Number of protein chains: 2
Amino acid sequence: MPYFRVAEAARLLGVSDDTVRRWVEQGHLAAEVDGAGRKVVDGAVLAAFARAQATEVPDPTGVGRSARNRFVGLVTEVKADAVMAQVELQCGPHRVVSLMSTEAVRELELVPGSLAVALVKATQVIVETPDRVVQSTRHPAAG
Amino acid sequence: MPYFRVAEAARLLGVSDDTVRRWVEQGHLAAEVDGAGRKVVDGAVLAAFARAQATEVPDPTGVGRSARNRFVGLVTEVKADAVMAQVELQCGPHRVVSLMSTEAVRELELVPGSLAVALVKATQVIVETPDRVVQSTRHPAAG
DNA sequence: ACATTAGTTCCGCAGCTGCGGCGCGGCTGC
DNA sequence: GCAGCCGCGCCGCAGCTGCGGAACTAATGT
(Lines give C-alpha, C1' and ligand atoms only; values in the text may rest on other atoms or scores of the structure.)
Protein backbone atom coordinates (compact mmCIF):
# COMPACT_ATOMS: atom_id res chain seq x y z
CA MET A 1 0.00 0.00 0.00
CA PRO A 2 2.18 2.80 -1.28
CA TYR A 3 1.98 6.26 0.24
CA PHE A 4 3.73 9.40 -0.87
CA ARG A 5 4.59 12.52 1.01
CA VAL A 6 3.68 15.91 -0.33
CA ALA A 7 7.13 16.64 -1.69
CA GLU A 8 7.29 13.29 -3.49
CA ALA A 9 3.85 13.73 -4.96
CA ALA A 10 4.78 17.22 -6.08
CA ARG A 11 7.80 16.00 -8.00
CA LEU A 12 5.84 13.20 -9.59
CA LEU A 13 3.17 15.64 -10.71
CA GLY A 14 5.74 18.17 -11.87
CA VAL A 15 4.64 20.98 -9.57
CA SER A 16 5.86 22.47 -6.33
CA ASP A 17 4.98 21.05 -2.96
CA ASP A 18 3.01 24.16 -2.12
CA THR A 19 0.75 23.54 -5.09
CA VAL A 20 0.07 20.00 -3.96
CA ARG A 21 -0.69 21.29 -0.51
CA ARG A 22 -3.16 23.79 -1.95
CA TRP A 23 -4.82 21.12 -4.09
CA VAL A 24 -5.31 19.07 -0.97
CA GLU A 25 -6.75 22.04 0.89
CA GLN A 26 -9.19 22.75 -1.93
CA GLY A 27 -10.33 19.16 -2.05
CA HIS A 28 -8.96 18.44 -5.50
CA LEU A 29 -6.67 15.76 -4.16
CA ALA A 30 -7.46 13.48 -1.26
CA ALA A 31 -4.79 13.21 1.40
CA GLU A 32 -4.45 11.54 4.75
CA VAL A 33 -2.40 12.29 7.81
CA ASP A 34 0.22 9.97 9.20
CA GLY A 35 1.01 9.52 12.83
CA ALA A 36 3.25 12.58 12.87
CA GLY A 37 0.60 14.92 11.44
CA ARG A 38 2.17 15.09 8.02
CA LYS A 39 0.08 14.89 4.89
CA VAL A 40 0.45 11.74 2.84
CA VAL A 41 -1.26 10.82 -0.41
CA ASP A 42 -2.31 7.31 -1.26
CA GLY A 43 -0.50 6.00 -4.31
CA ALA A 44 -3.65 4.88 -6.08
CA VAL A 45 -5.30 8.24 -5.48
CA LEU A 46 -2.23 10.02 -6.71
CA ALA A 47 -2.07 7.83 -9.81
CA ALA A 48 -5.70 8.51 -10.63
CA PHE A 49 -5.16 12.21 -10.11
CA ALA A 50 -2.09 12.23 -12.35
CA ARG A 51 -3.94 10.40 -15.08
CA ALA A 52 -6.90 12.78 -14.82
CA GLN A 53 -4.86 15.93 -15.05
CA ALA A 54 -2.53 14.61 -17.73
CA THR A 55 -2.96 16.59 -20.88
CA GLU A 56 -1.35 14.60 -23.60
CA VAL A 57 0.17 16.29 -26.59
CA PRO A 58 -2.57 16.28 -29.18
CA ASP A 59 -1.81 14.21 -32.20
CA PRO A 60 -1.06 16.40 -35.20
CA THR A 61 -3.37 14.33 -37.33
CA GLY A 62 -6.14 14.53 -34.76
CA VAL A 63 -6.39 10.79 -34.41
CA GLY A 64 -5.25 8.68 -31.53
CA ARG A 65 -5.63 11.15 -28.72
CA SER A 66 -4.39 9.85 -25.41
CA ALA A 67 -3.11 6.78 -27.17
CA ARG A 68 -0.98 4.51 -25.08
CA ASN A 69 2.66 3.88 -25.89
CA ARG A 70 2.56 6.76 -28.33
CA PHE A 71 4.96 9.65 -27.85
CA VAL A 72 4.57 12.69 -30.04
CA GLY A 73 7.63 14.89 -29.99
CA LEU A 74 10.31 16.79 -31.80
CA VAL A 75 13.53 15.33 -33.15
CA THR A 76 16.39 16.90 -31.25
CA GLU A 77 19.34 14.97 -32.60
CA VAL A 78 20.19 12.63 -35.45
CA LYS A 79 23.43 10.67 -35.47
CA ALA A 80 23.73 8.88 -38.76
CA ASP A 81 26.30 6.19 -39.36
CA ALA A 82 26.90 4.35 -42.59
CA VAL A 83 24.13 1.88 -41.96
CA MET A 84 22.54 2.70 -38.64
CA ALA A 85 21.33 5.92 -37.09
CA GLN A 86 20.41 7.08 -33.64
CA VAL A 87 17.49 9.48 -33.38
CA GLU A 88 16.66 11.35 -30.22
CA LEU A 89 13.23 12.82 -29.61
CA GLN A 90 11.96 15.17 -26.96
CA CYS A 91 8.45 14.06 -26.10
CA GLY A 92 7.12 16.36 -23.43
CA PRO A 93 9.41 15.95 -20.42
CA HIS A 94 10.82 12.67 -21.71
CA ARG A 95 13.68 11.86 -24.03
CA VAL A 96 13.36 8.91 -26.32
CA VAL A 97 16.25 7.46 -28.25
CA SER A 98 15.54 5.18 -31.15
CA LEU A 99 17.94 3.17 -33.25
CA MET A 100 17.03 2.66 -36.87
CA SER A 101 18.66 2.32 -40.22
CA THR A 102 20.17 5.36 -41.85
CA GLU A 103 18.07 4.52 -44.84
CA ALA A 104 14.94 4.87 -42.73
CA VAL A 105 16.15 8.23 -41.46
CA ARG A 106 16.58 9.38 -45.02
CA GLU A 107 13.21 8.03 -46.09
CA LEU A 108 11.44 9.69 -43.18
CA GLU A 109 13.44 12.88 -43.75
CA LEU A 110 14.25 12.95 -40.05
CA VAL A 111 16.20 16.06 -39.13
CA PRO A 112 16.40 18.04 -35.88
CA GLY A 113 13.08 19.81 -35.62
CA SER A 114 10.99 17.18 -37.35
CA LEU A 115 7.71 16.25 -35.76
CA ALA A 116 7.73 12.53 -35.15
CA VAL A 117 5.93 9.89 -33.16
CA ALA A 118 7.74 7.21 -31.22
CA LEU A 119 5.78 4.01 -30.78
CA VAL A 120 6.98 1.95 -27.86
CA LYS A 121 7.11 -1.67 -28.93
CA ALA A 122 8.71 -3.24 -25.88
CA THR A 123 9.29 -2.17 -22.33
CA GLN A 124 10.80 -3.49 -19.18
CA VAL A 125 9.27 -2.40 -15.91
CA ILE A 126 11.39 -2.08 -12.82
CA VAL A 127 10.47 -0.92 -9.36
CA GLU A 128 12.82 1.39 -7.58
CA THR A 129 12.81 2.08 -3.91
CA PRO A 130 15.44 3.90 -1.89
CA ASP A 131 16.62 0.49 -0.75
CA ARG A 132 16.53 -1.92 -3.61
CA VAL A 133 15.91 -2.12 -7.32
CA VAL A 134 13.69 -4.92 -8.53
CA GLN A 135 13.24 -5.63 -12.18
CA SER A 136 10.97 -7.86 -14.13
CA THR A 137 12.10 -10.42 -16.63
CA ARG A 138 12.12 -9.09 -20.13
CA HIS A 139 8.88 -9.28 -21.98
CA PRO A 140 7.51 -7.54 -25.04
CA ALA A 141 5.21 -4.64 -24.43
CA ALA A 142 1.58 -4.65 -25.28
CA GLY A 143 0.95 -3.28 -28.69
CA MET B 1 12.98 22.42 -42.99
CA PRO B 2 10.11 22.14 -40.55
CA TYR B 3 8.37 25.21 -39.24
CA PHE B 4 5.63 25.40 -36.62
CA ARG B 5 3.05 28.03 -36.00
CA VAL B 6 2.55 29.46 -32.56
CA ALA B 7 -0.48 27.33 -31.79
CA GLU B 8 1.34 24.15 -32.84
CA ALA B 9 4.40 25.02 -30.81
CA ALA B 10 2.19 25.74 -27.83
CA ARG B 11 0.55 22.32 -27.99
CA LEU B 12 3.92 20.63 -28.31
CA LEU B 13 5.29 22.52 -25.32
CA GLY B 14 2.15 21.96 -23.28
CA VAL B 15 1.33 25.63 -22.77
CA SER B 16 -1.09 28.08 -24.26
CA ASP B 17 -0.41 29.96 -27.46
CA ASP B 18 -0.31 33.24 -25.57
CA THR B 19 2.54 31.94 -23.45
CA VAL B 20 4.54 31.00 -26.52
CA ARG B 21 3.87 34.45 -27.93
CA ARG B 22 5.13 36.04 -24.74
CA TRP B 23 8.22 33.87 -24.72
CA VAL B 24 8.96 35.05 -28.22
CA GLU B 25 8.43 38.67 -27.22
CA GLN B 26 10.79 38.30 -24.28
CA GLY B 27 13.45 36.74 -26.43
CA HIS B 28 13.36 33.35 -24.76
CA LEU B 29 12.34 31.67 -27.98
CA ALA B 30 13.44 32.74 -31.43
CA ALA B 31 10.71 33.13 -33.99
CA GLU B 32 10.45 34.32 -37.55
CA VAL B 33 7.69 35.84 -39.57
CA ASP B 34 6.22 34.26 -42.65
CA GLY B 35 4.95 36.10 -45.67
CA ALA B 36 1.60 36.77 -44.04
CA GLY B 37 3.09 38.37 -40.92
CA ARG B 38 2.41 35.36 -38.72
CA LYS B 39 4.98 34.11 -36.24
CA VAL B 40 6.58 30.79 -37.04
CA VAL B 41 9.17 28.88 -35.05
CA ASP B 42 11.89 26.81 -36.63
CA GLY B 43 11.60 23.15 -35.72
CA ALA B 44 15.20 22.81 -34.62
CA VAL B 45 14.94 25.90 -32.44
CA LEU B 46 11.73 24.61 -30.94
CA ALA B 47 13.27 21.21 -30.29
CA ALA B 48 16.26 22.75 -28.55
CA PHE B 49 13.95 24.92 -26.48
CA ALA B 50 11.80 21.96 -25.50
CA ARG B 51 14.85 19.97 -24.47
CA ALA B 52 16.27 22.86 -22.46
CA GLN B 53 12.99 23.38 -20.71
CA ALA B 54 12.58 19.68 -19.95
CA THR B 55 15.91 19.44 -18.19
CA GLU B 56 14.53 21.70 -15.51
CA VAL B 57 12.35 18.86 -14.30
CA PRO B 58 14.10 17.21 -11.39
CA ASP B 59 13.87 13.50 -10.80
CA PRO B 60 11.44 12.18 -8.18
CA THR B 61 13.42 9.81 -6.06
CA GLY B 62 16.93 10.05 -7.35
CA VAL B 63 16.16 8.06 -10.44
CA GLY B 64 16.88 10.02 -13.54
CA ARG B 65 13.77 11.37 -15.11
CA SER B 66 15.86 13.07 -17.73
CA ALA B 67 17.56 9.83 -18.62
CA ARG B 68 16.81 8.55 -22.04
CA ASN B 69 14.23 5.82 -22.55
CA ARG B 70 13.47 5.89 -18.88
CA PHE B 71 9.98 6.75 -17.70
CA VAL B 72 9.32 7.16 -14.02
CA GLY B 73 5.66 7.06 -13.16
CA LEU B 74 2.84 5.67 -11.12
CA VAL B 75 1.02 2.43 -11.82
CA THR B 76 -2.57 3.29 -12.67
CA GLU B 77 -3.93 -0.10 -13.63
CA VAL B 78 -2.99 -3.75 -13.38
CA LYS B 79 -4.87 -6.38 -15.35
CA ALA B 80 -3.64 -9.77 -14.30
CA ASP B 81 -4.50 -12.90 -16.23
CA ALA B 82 -3.49 -16.45 -15.32
CA VAL B 83 -0.07 -16.12 -16.88
CA MET B 84 0.24 -12.66 -18.35
CA ALA B 85 -0.53 -9.22 -17.00
CA GLN B 86 -0.97 -5.78 -18.46
CA VAL B 87 0.38 -2.89 -16.43
CA GLU B 88 -0.43 0.71 -17.21
CA LEU B 89 1.73 3.55 -15.96
CA GLN B 90 1.21 7.28 -15.96
CA CYS B 91 4.61 8.82 -16.63
CA GLY B 92 4.19 12.56 -16.67
CA PRO B 93 1.82 13.35 -19.51
CA HIS B 94 2.31 9.97 -21.14
CA ARG B 95 0.69 6.61 -20.61
CA VAL B 96 2.78 3.50 -20.96
CA VAL B 97 1.35 0.02 -21.15
CA SER B 98 3.62 -2.91 -20.50
CA LEU B 99 2.91 -6.59 -20.89
CA MET B 100 4.65 -8.92 -18.50
CA SER B 101 4.07 -12.15 -16.69
CA THR B 102 1.67 -12.22 -13.78
CA GLU B 103 4.49 -13.75 -11.80
CA ALA B 104 6.60 -10.65 -12.41
CA VAL B 105 3.73 -8.46 -11.28
CA ARG B 106 3.53 -10.41 -8.07
CA GLU B 107 7.28 -10.36 -7.54
CA LEU B 108 7.45 -6.61 -8.10
CA GLU B 109 4.34 -6.10 -5.97
CA LEU B 110 2.89 -3.92 -8.70
CA VAL B 111 -0.42 -2.44 -7.65
CA PRO B 112 -2.17 0.78 -8.64
CA GLY B 113 -0.18 3.51 -6.95
CA SER B 114 3.20 1.83 -7.08
CA LEU B 115 6.15 3.90 -8.17
CA ALA B 116 7.71 2.16 -11.13
CA VAL B 117 10.09 2.84 -13.98
CA ALA B 118 9.38 1.78 -17.53
CA LEU B 119 12.49 1.16 -19.59
CA VAL B 120 11.86 1.41 -23.29
CA LYS B 121 13.65 -1.43 -25.02
CA ALA B 122 12.37 -0.99 -28.57
CA THR B 123 10.67 1.76 -30.46
CA GLN B 124 9.33 2.41 -33.88
CA VAL B 125 9.47 5.96 -35.16
CA ILE B 126 6.90 7.23 -37.58
CA VAL B 127 6.43 10.63 -39.10
CA GLU B 128 2.96 11.97 -39.43
CA THR B 129 1.89 14.76 -41.65
CA PRO B 130 -1.66 15.81 -42.48
CA ASP B 131 -1.26 14.02 -45.78
CA ARG B 132 0.55 10.79 -45.21
CA VAL B 133 1.93 8.58 -42.51
CA VAL B 134 5.44 7.30 -43.00
CA GLN B 135 6.91 4.69 -40.76
CA SER B 136 10.31 3.18 -40.38
CA THR B 137 11.02 -0.49 -40.54
CA ARG B 138 11.10 -2.08 -37.15
CA HIS B 139 14.36 -1.90 -35.31
CA PRO B 140 15.33 -2.28 -31.70
CA ALA B 141 15.82 0.90 -29.75
CA ALA B 142 19.15 2.05 -28.51
CA GLY B 143 19.79 1.02 -24.99
C1' DA C 1 -16.86 38.12 -56.55
C1' DC C 2 -18.97 37.40 -52.16
C1' DA C 3 -20.06 35.37 -47.76
C1' DT C 4 -18.49 32.21 -44.36
C1' DT C 5 -15.42 29.90 -41.47
C1' DA C 6 -11.30 29.22 -39.11
C1' DG C 7 -7.00 30.96 -37.43
C1' DT C 8 -3.96 34.66 -35.65
C1' DT C 9 -2.83 38.66 -32.99
C1' DC C 10 -3.39 41.92 -29.30
C1' DC C 11 -5.35 43.34 -24.90
C1' DG C 12 -6.79 43.21 -20.02
C1' DC C 13 -7.83 40.61 -16.03
C1' DA C 14 -8.45 37.11 -12.55
C1' DG C 15 -6.32 33.14 -10.74
C1' DC C 16 -2.78 30.22 -9.82
C1' DT C 17 1.87 29.08 -9.17
C1' DG C 18 6.59 29.19 -7.42
C1' DC C 19 9.71 31.22 -4.19
C1' DG C 20 11.67 32.88 0.02
C1' DG C 21 11.30 33.15 4.82
C1' DC C 22 10.13 31.49 9.36
C1' DG C 23 8.99 28.30 13.02
C1' DC C 24 8.15 23.65 14.50
C1' DG C 25 8.61 18.77 14.79
C1' DG C 26 10.81 14.32 13.56
C1' DC C 27 14.98 11.73 12.70
C1' DT C 28 19.96 10.76 13.44
C1' DG C 29 24.27 10.38 15.76
C1' DC C 30 26.72 10.90 20.04
C1' DG D 1 19.09 12.24 27.09
C1' DC D 2 20.73 15.85 24.07
C1' DA D 3 22.31 18.65 20.16
C1' DG D 4 22.21 19.09 15.21
C1' DC D 5 20.18 18.54 10.72
C1' DC D 6 16.63 17.95 7.56
C1' DG D 7 11.96 18.01 6.13
C1' DC D 8 7.24 19.76 6.68
C1' DG D 9 3.77 23.31 7.23
C1' DC D 10 2.23 28.08 6.93
C1' DC D 11 2.29 32.79 5.04
C1' DG D 12 2.86 36.76 1.90
C1' DC D 13 4.30 38.40 -2.47
C1' DA D 14 5.76 38.96 -7.24
C1' DG D 15 5.37 36.87 -11.60
C1' DC D 16 3.45 34.18 -14.92
C1' DT D 17 -0.17 31.80 -17.06
C1' DG D 18 -4.63 30.87 -19.13
C1' DC D 19 -8.96 32.75 -20.64
C1' DG D 20 -12.33 35.61 -22.91
C1' DG D 21 -13.18 39.23 -26.06
C1' DA D 22 -12.47 41.96 -30.26
C1' DA D 23 -10.43 43.03 -34.67
C1' DC D 24 -8.06 41.46 -38.63
C1' DT D 25 -6.53 38.06 -42.21
C1' DA D 26 -6.27 33.72 -44.90
C1' DA D 27 -8.60 29.94 -46.83
C1' DT D 28 -12.82 27.85 -48.50
C1' DG D 29 -17.28 27.08 -50.72
C1' DT D 30 -21.08 29.05 -53.35
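Below, chains carry the letters A, B, ... as their sequence lines are ordered, and counting in each starts from 1. Because the structure is predicted, anything quoted here is derived from the model rather than measured. Scope of the values below: all heavy atoms of this structure, side chains included, with no hydrogens, waters or symmetry mates.
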Salt-bridge test for B/Arg95 and B/Glu88: reply yes if a basic N is under 4.0 Å from a carboxylate O, no otherwise.
yes
Please give, in whole Å, the distance from [N] [atom2] to [X] [atom1]?
X       : N      : atom1 : atom2 : answer
B/Gln26 : D/dC16 : CD    : P     : 6 Å
A/Glu25 : C/dC16 : CD    : P     : 12 Å
A/Tyr3  : D/dC8  : OH    : C1'   : 19 Å
B/Asp34 : C/dT8  : CG    : P     : 10 Å
B/Asp18 : C/dG15 : CG    : P     : 18 Å
B/Lys39 : D/dA26 : NZ    : C1'   : 17 Å

How are the rings of B/His94 and B/Phe71 set relative to one another: parallel (under 30°), tilted (30 to 60°) or perpendicular (over 60°)?
perpendicular
If you only use heavy atoms from C-beta on, which nucleotide in D/dG18, C/dG18, C/dT9 is closest to the side chain of B/Arg38?
C/dT9
Looking for any heavy atom pair under 4.0 Å, which part of the strands does A/Arg5 touch: base, sugar-phosphate only, or nothing?
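Counting heavy atoms under 4.0 Å across all strands, the contact made by A/Arg5 is with sugar-phosphate only.
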Base, sugar-phosphate, or nothing: which does B/Arg21 touch, judged by heavy atoms less than 4.0 Å apart?
base
B/Leu110 to B/Val78 - nearest heavy-atom pair and separation
O-CG2, 3.8 Å
Contacts of A/Asp17 and B/Ala7 projected onto DNA chain C by closest heavy atom; the upstream (5') one is B/Ala7
Measuring to OP1 and OP2 of D/dG18, would you say a side-chain N or O of B/Thr19 lies under 4.0 angstrom away?
yes
Under-4.0 Å side-chain N/O to phosphate OP1/OP2 contact, A/Trp23 with C/dC16
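So the side chain of A/Trp23 is outside the cut-off, no N or O lying under 4.0 Å from OP1 or OP2 of C/dC16.
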How many angstroms lie between atom OG1 of B/Thr76 and atom CZ of A/Phe49, to the nearest 0.5 angstrom?
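B/Thr76 OG1 to A/Phe49 CZ: 15.0 Å, rounded to 0.5 Å.
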Kindly say whether, by distance alone, the side chain of B/Arg22 makes a donor-acceptor pair under 3.5 Å with the base of D/dG18?
yes
